[in-house]
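Have a look at the structure below before the remarks.
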Amino acid sequence: IRNYKGTTADEVQKDFLNSFIVKCNNNPQFKALIIYELFNQPVFKNSESYYGLFDWVKPYTEYVPKLWAKEISNLNSPQ
């Protein structure tokens, strides 16, 4: 998802990741999926600055999950 300025809604990222995971699971040759861009990095001012799954509240000390990370966390939490 091209999100150069961080203006694309988090729902777009969440929907993309969920649909990609479904496609992977439907592929019989699928073995593993790694999602590695953990934090937004707007300081770099490039196309990958907002790929992160977490937003900084205070850089390097406090963060909040974006929608997909929050959704996955809720799925993995004990009920």
Side-chain angles (χ1 to χ4, degrees):
I1 299 166
R2 302 287 184 226
N3 191 10
Y4 296 107
K5 296 181 180 173
T7 56
T8 302
D10 286 349
E11 288 86 7
V12 174
Q13 180 188 50
K14 178 181 75 79
D15 292 344
F16 171 80
L17 289 169
N18 286 334
S19 67
F20 186 71
I21 290 169
V22 167
K23 287 179 186 180
C24 289
N25 285 330
N26 289 333
N27 181 336
Q29 296 186 353
F30 168 73
K31 301 293 182 203
L33 173 65
I34 299 170
I35 300 172
Y36 65 90
E37 192 66 40
L38 192 55
F39 292 102
N40 281 348
Q41 300 174 3
V43 69
F44 294 129
K45 296 181 173 72
N46 64 30
S47 64
E48 296 181 16
S49 294
Y50 296 94
Y51 282 8
L53 300 174
F54 293 84
D55 278 324
W56 290 112
V57 175
K58 287 186 195 174
Y60 314 114
T61 59
E62 190 177 337
Y63 56 89
V64 294
K66 290 168 70 176
L67 291 176
W68 188 81
K70 188 173 187 177
E71 181 179 277
I72 293 302
S73 295
N74 290 338
L75 287 175
N76 293 322
S77 296
Q79 300 298 326

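For this chain, numbers begin at 1 and follow the sequence in order.
Partners of Asp55 according to the side-chain hydrogen bond (donor to acceptor under 3.5 Å, both in side chains) rule, which considers only residues two or more places apart in sequence or in another chain, are Asn40. For Thr61, the side-chain contact (heavy atoms from CB on, under 4.5 Å) partners are Lys58, not counting sequence neighbours. Partners of Phe39 according to the side-chain contact (heavy atoms from CB on, under 4.5 Å) rule, which considers only residues two or more places apart in sequence or in another chain, are Phe54, Trp56, Tyr63. Among residues two or more places apart in sequence or in another chain, the side-chain contact (heavy atoms from CB on, under 4.5 Å) test is passed with Asp15 by none.
Contact of the Phe20 side chain with the Ile35 side chain is not registered, since no non-hydrogen atoms from C-beta on lie closer than 4.5 Å.
When hydrophobic clusters are built by joining Ile, Leu, Val, Met, Phe, Trp and Tyr residues whose side-chain heavy atoms come closer than 4.5 Å, directly or via intermediates, Tyr60 is not grouped with Phe44. Hydrophobic clustering of Ile, Leu, Val, Met, Phe, Trp and Tyr side chains at less than 4.5 Å, counting indirect connections, keeps Tyr50 apart from Phe16.
Think of Val57 as one node in a network of Ile, Leu, Val, Met, Phe, Trp and Tyr side chains linked at under 4.5 Å; its network also takes in Val64.
Side-chain atoms of Gln41 do not come within 3.5 Å of backbone N or O of Gly52 as any donor-acceptor pair.
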Apply the test side chain to side chain contact (heavy atoms under 4.5 Å, CB included) to residues Leu17 and Ile72: give CA-CA distance (whole Å), side-chain angles for both, the deciding distance (0.1 Å), then the verdict.
CA-CA 11 Å; Leu17 289 169; Ile72 293 302; over 6 Å; no
Taking only distance into account, with no hydrogens and no angle test, what donor-acceptor pairs under 3.5 Å do side-chain atoms of residues 27-34 form with protein atoms, sequence neighbours excluded?
residue	atom	partner	partner atom	Å
Asn27	OD1	Gln29	N	2.8

